[in-house]
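Beneath this line is the structure, given in structure tokens, with notes to follow.
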Amino acid sequence: MGAPSRTEDSVVVAERRPARLLAGGTEGNARLTALAAVALILLLAVEGVTILELSPLISVHLFVGLLLIPPVGLKLASTGYRFARYYTGNARYRSKGPPPLVLRAIAPGVVVTSISVLASGVWLLLAGPRVRSPVLPIHKVSFIAWLAFTGVHVLGHVLHLPALLGADYARESLS
């Protein structure tokens with residue numbers, strides 16, 4: 001038998017990607033978190049466009065807002081898991097080290113404002129247009145606070161995304 005063809009190599013490499021993502025450990029956790037981050041960046045870009053022209057795009061805004069809930073939940077779970085493993089003394093997570101101090105300091109703000117903006121958005125959706133007065137200011141203020149915290153958070157991580165995600169797509173040796 002001869003050496004595997006380039007197509008066969010690609011298939012084998014593609015089959016390994018989900019296994020590496022689901023393998024766990026610090027690298028699996030980092031890749032899962034990065035994958036959730038990319039989904040969030042794309043959805044938040046669409047959400048940002050709807051804010052510019054909210055009245056005609058309100059249905060898109062509401063739909064994308066609901067679509068944000070699962071990846072936000074996944075990102076909170078994966079980062080919460082890393083936090084818990086690190087602070088409970090797991091050797092692999094301890095050796096990887098903590099995030100930079102600034103990012104650790106703003107993390108509670110990112111979490112609280114993310115939950116607040118999504119919860120108030122769902123509340124607005126369920127309450128309907130007549131019950132906006134008490135909830136809409138909460139949604140707007142939590143969004144402004146969220147934008148500040150999350151802007152710093154994204155800037156602190158965005159340069160690491162290509163390396164985390166690119167590792168899955170780099171040419172690999174099959175030996």
Side-chain angles (χ1 to χ4, degrees), residues 21-22 26-88 93 96-169:
L21 181 64
L22 299 174
T26 59
E27 292 307 313
N29 181 271
R31 284 192 177 113
L32 183 61
T33 303
L35 190 62
V38 169
L40 286 169
I41 288 169
L42 295 173
L43 289 170
L44 289 168
V46 173
E47 197 75 338
V49 169
T50 67
I51 290 171
L52 299 174
E53 291 291 332
L54 194 55
S55 292
L57 297 174
I58 190 68
S59 59
V60 175
H61 184 79
L62 295 172
F63 181 72
V64 173
L66 290 174
L67 285 179
L68 283 165
I69 295 170
V72 166
L74 178 60
K75 190 141 184 336
L76 290 174
S78 67
T79 55
Y81 182 81
R82 177 181 176 196
F83 172 87
R85 299 297 287 172
Y86 179 83
Y87 285 107
T88 57
Y93 284 87
K96 187 164 178 144
L101 182 58
V102 171
L103 297 178
R104 284 183 282 156
I106 66 164
V110 173
V111 171
V112 169
T113 59
S114 295
I115 292 169
S116 177
V117 76
L118 289 173
S120 62
V122 170
W123 188 0
L124 282 167
L125 177 64
L126 295 175
R130 284 181 249 167
V131 189
R132 285 188 176 171
S133 59
V135 182
L136 191 56
I138 294 169
H139 189 63
K140 287 180 178 181
V141 169
S142 62
F143 169 75
I144 292 166
W146 172 87
L147 189 60
F149 284 117
T150 303
V152 173
H153 175 78
V154 169
L155 289 174
H157 289 289
V158 74
L159 296 178
H160 302 288
L161 282 178
L164 285 169
L165 297 172
D168 288 332
Y169 295 98

Heavy-atom closest contact ([X] atom, [Y] atom, distance):
X	Y	answer
Gly121	His139	N-ND1, 3.4 Å
Arg104	Pro99	NE-O, 2.8 Å
Ala84	Thr88	O-OG1, 2.7 Å
Tyr86	Tyr93	CD1-O, 3.4 Å

Value rounded to 0.5 Å, distance of [atom1] in [X] from [atom2] in [Y]:
X	Y	atom1	atom2	value
Lys96	Thr26	NZ	OG1	4.5 Å
Ser120	Phe143	OG	CZ	11.0 Å
Leu147	Thr113	CG	OG1	9.5 Å

- Side-chain donor-acceptor pair under 3.5 Å between Trp146 and Ser142, yes or no? no
Anything under 3.5 Å between a donor and an acceptor, one on a side chain of residues 56-80, the other on a protein residue two or more places apart or in another chain? List them.
| from | atom 1 | to | atom 2 | distance (Å) |
| --- | --- | --- | --- | --- |
| His61 | ND1 | Glu47 | OE2 | 3.3 |
| His61 | ND1 | Thr50 | OG1 | 2.8 |
| Lys75 | NZ | His153 | NE2 | 3.2 |
| Ser78 | OG | Thr33 | OG1 | 2.7 |
| Ser78 | OG | Leu74 | O | 3.3 |
| Ser78 | OG | Lys75 | O | 3.2 |
| Thr79 | OG1 | Lys75 | O | 2.7 |
| Thr79 | OG1 | Leu76 | O | 3.3 |

- Task: Please say which of Val112, Val111, Val110 ends up in a side-chain contact (heavy atoms from CB on, under 4.5 Å) with Ser114.
- Result: Val110
